[in-house]
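Structure incoming, see below.
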Amino acid sequence: MASAEDVKQAVAPEPPRPPISRRSSSASSYVESVSSNEDAKTVTGVARESESDNESISSTASYPTGNGRRGLTLTNDESSKTVYEAWEIIYSEDTLEWDTWNVFCGIKFGVTWKSLNDGRIDVGPLTQYGQGELADLHEDAVRNYEAKGRKKGKSYDQDMANRVFGLDMDIHKRLHDLVDDRQIATNKTAYHRREWRVVVFEEGEFQLTDVLPERKKSLFRWRRPKPHVYRWFIVLRGEEVKSNKEKGGWRLFNRHYNPWWRVDAQESREERMLHREHMKKVNRRNLRQGPPPPPMGRPPTGPPNGYPRPPPPPMRPIRRA
């Protein structure tokens with residue numbers, strides 16, 4: 001298991017903005033000739049912004065949203081950098097109410113419950129965290145777990161796996177779908193393999209006030225009441241685990257793909273060529289031997305199939321007396 005210091009070193013500081021590329025020699029000379037004009041400065045600024053790889057107007061990933069926010073984009077020299085993301089899951093159970101009642105000695109007793117099916121599960125990103133801040137949260141979680149020392153013999157990662165495994169099926173499925181979606185979105189290249197893992201998992205309650213309500217046991221309630229709305233704070237860590245520098249990268253395949261299709265095609269082509277040569281020999285032999293004789297006991301009705309019809313006999317001239 002990686003220690004807290006290793007986790008801190010995995011995240012590099014925010015890289016400086018890449019230098020702005022200059023225009024071509026012809027364009028530069030043109031700009032210098034009109035540098036005294038204010039319009040030339042505007043033209044130069046637009047050209048520099050459009051040439052930046054991270055701010056290209058043709059890139060949908062770097063295009064800002066309606067409120068001017070941009071997505072997290074790494075440069076080419078940061079392909080192996082570790083990325084952290086903060087997410088939250090909001091869960092509220094279905095409301096239950098008494099469906100049937102019985103009356104005994106004038107007192108109504110509920111017999112069966114009915115679910116209103118009004119529960120919900122929402123999964124959303126928390127974009128108000130920086131990369132360094134999320135790395136510190138992961139480091140603090142590991143340090144606090146090691147400092148408590150309550151569960152000896154279990155590492156932080158093992159305790160995390162046990163808590164995630166103990167979630168309800170609906171919550172576990174939503175968390176699995178989230179990690180799976182991040183895997184698919186970041187592994188569309190044939191040169192890099194990236195994996196996402198849950199590194200921080202905190203269970204809490206969705207707060208409507210500054211402090212949480214008091215929940216105490218009573219005579220008729222031996223357990224503390226559950227929250228109305230649950231909230232899980234999750235931090236995902238994405239990192240590159242494998243890379244391929246060969247030309248073309250890793251090859252594709254699926255359950256219906258045949259890796260030996262080229263070998264099979266070559267063998268089938270050779271078989272077709274052999275069959276074609278054999279048929280040519282048969283046709284040449286049949287043309288030399290002529291049409292076969294008609295079957296016994298049956299007058300010929302015409303040329304056999306595959307042979308041309310013989311020409312009619314020449315007409316003899318008519319002699320007049």
Is the count of non-hydrogen atoms from other residues, nucleotides or ligands lying under 6.0 Å from Glu246 atom CD greater than 12?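 Atom CD in Glu246 is not packed in, count stays at 12 or less.
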Leu274 CG to Arg269 CZ distance, which is reported to the nearest 0.5 Å: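 Nearest 0.5 Å value for the CG-CZ distance: 12.5 Å.
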Report yes if the side chains of Lys242 and His192 come closer than 4.5 Å at any heavy-atom pair, otherwise no.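 No, their side chains stay 4.5 Å or more apart.
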Apply salt bridge (Lys or Arg N to Asp or Glu O under 4.0 Å) to the pair Glu277 and Lys281, showing each step before the final yes or no. CA-CA 6 Å; Glu277 294 295 332; Lys281 294 180 181 179; over 6 Å; no
Heavy-atom donor-acceptor pair, Asp168 side chain to Ile171 backbone, under 3.5 Å: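 No, Asp168 side chain to Ile171 backbone: no donor-acceptor pair under 3.5 Å.
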Nearest-0.5 Å distance, CG of residue Leu175 to CG of residue Leu167: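 One gets 7.0 Å once the value is rounded to the nearest 0.5 Å.
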In terms of hydrophobic clustering (I, L, V, M, F, W, Y; side-chain heavy atoms under 4.5 Å; direct or indirect links), are Phe253 and Trp261 co-clustered?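 Same cluster.
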Just wondering, do Asp136 and Tyr129 contact through their side chains at under 4.5 Å, heavy atoms?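 They are not in contact (no side-chain heavy atoms under 4.5 Å apart), so the answer is no.
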Could you see if Trp87 belongs to whatever hydrophobic cluster contains Leu126? Use Ile, Leu, Val, Met, Phe, Trp, Tyr and a side-chain cutoff under 4.5 Å.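 They do share one cluster, since a chain of ILVMFWY contacts under 4.5 Å joins Trp87 to Leu126.
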Quick one: does Leu178's side chain get under 4.5 Å of Leu236's, heavy atoms only?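 Heavy-atom side-chain distance check passes, below 4.5 Å.
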Quick one: does Asp264's side chain get under 4.5 Å of Gln266's, heavy atoms only?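 No, side chains not in contact.
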Can you pull out every salt bridge (Lys or Arg N to Asp or Glu O under 4.0 Å) where at least one residue sits in residues 170-196? Sequence neighbours excluded, please.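 Residue pairs with at least one partner in residues 170-196: Glu85-Arg182, Lys173-Asp177, Glu195-Arg197.
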For the residue pair Ala190 and Gly248, what are the closest heavy atoms and their distance?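 Taking every non-hydrogen atom into account, CB-O, 3.8 Å.
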Are Val229 and Tyr91 side-chain neighbours, meaning at least one heavy-atom pair lies under 4.5 Å?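 No - every pair of side-chain heavy atoms lies 4.5 Å or more apart.
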Spacing of OH belonging to Tyr84 relative to CZ belonging to Arg237, to within rounding of 0.5 Å: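 These two atoms lie 5.5 Å from each other.
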Going by heavy atoms in the side chains, are Val198 and Val235 under 4.5 Å from each other?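 Sidechains of Val235 and Val198: no contact.
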Using 30° and 60° as the class boundaries, would you call the ring planes of Trp232 and Tyr230 parallel, tilted or perpendicular?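 Plane angle under 30°, so parallel.
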For the residue pair Tyr145 and Tyr156, does the interplanar ring angle fall in the parallel (under 30°), tilted (30 to 60°) or perpendicular (over 60°) class?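 Tyr145 and Tyr156: perpendicular rings.
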Are the side chains of Val199 and Met160 in touch, meaning some heavy atoms are under 4.5 Å apart?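 No, their side chains stay 4.5 Å or more apart.
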If you compare all heavy atoms of Gln183 against all heavy atoms of Asn187, which two are closest, and at what distance to 0.1 Å?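 The pair with the smallest heavy-atom distance is O-ND2, 2.7 Å.
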Pair Thr186-Trp196, side-chain contact (heavy atoms from CB on, under 4.5 Å): steps then yes or no: CA-CA 9 Å; Thr186 56; Trp196 292 84; 3.0 Å; yes
Search all heavy atoms of Asn244 against all heavy atoms of Gly249 and return the closest pair with its distance.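 Shortest heavy-atom separation between Asn244 and Gly249 comes out as ND2-C, 3.5 Å.
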Check: Arg143 and Asp140 side chains under 4.5 Å, non-hydrogen atoms: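 A side-chain contact exists here, since the closest heavy-atom pair is under 4.5 Å.
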Distance check, rounded to the nearest 0.5 Å: Thr127 atom OG1 versus Leu72 atom CG?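 So the gap between those two atoms works out to 11.5 Å.
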From Asn283 atom CG to His278 atom NE2, the distance as rounded to the nearest 0.5 Å: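 Answer for the CG-NE2 pair, Asn283 versus His278, is 9.5 Å.
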Spell out, yes or no, whether Val83 and Tyr191 are grouped together once hydrophobic residues are joined by side-chain heavy atoms under 4.5 Å, including indirect joins.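 The answer is no; the residues belong to distinct hydrophobic clusters.
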Which atoms form the tightest heavy-atom contact between Ala86 and Phe233, and what is the distance?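 So the two residues come closest at CB-CE1, 4.2 Å.
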Distance-only, no hydrogens or angles: does the Asp159 side chain make a donor-acceptor pair with backbone N or O of Ser155 under 3.5 Å?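 Such a contact is absent between Asp159 side chain and Ser155 backbone.
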Could you tell me whether Leu252 atom CG has more than 12 heavy atoms of other residues or ligands within 6.0 Å of it?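 Open: at most 12 neighbouring heavy atoms sit under 6.0 Å from CG of Leu252.
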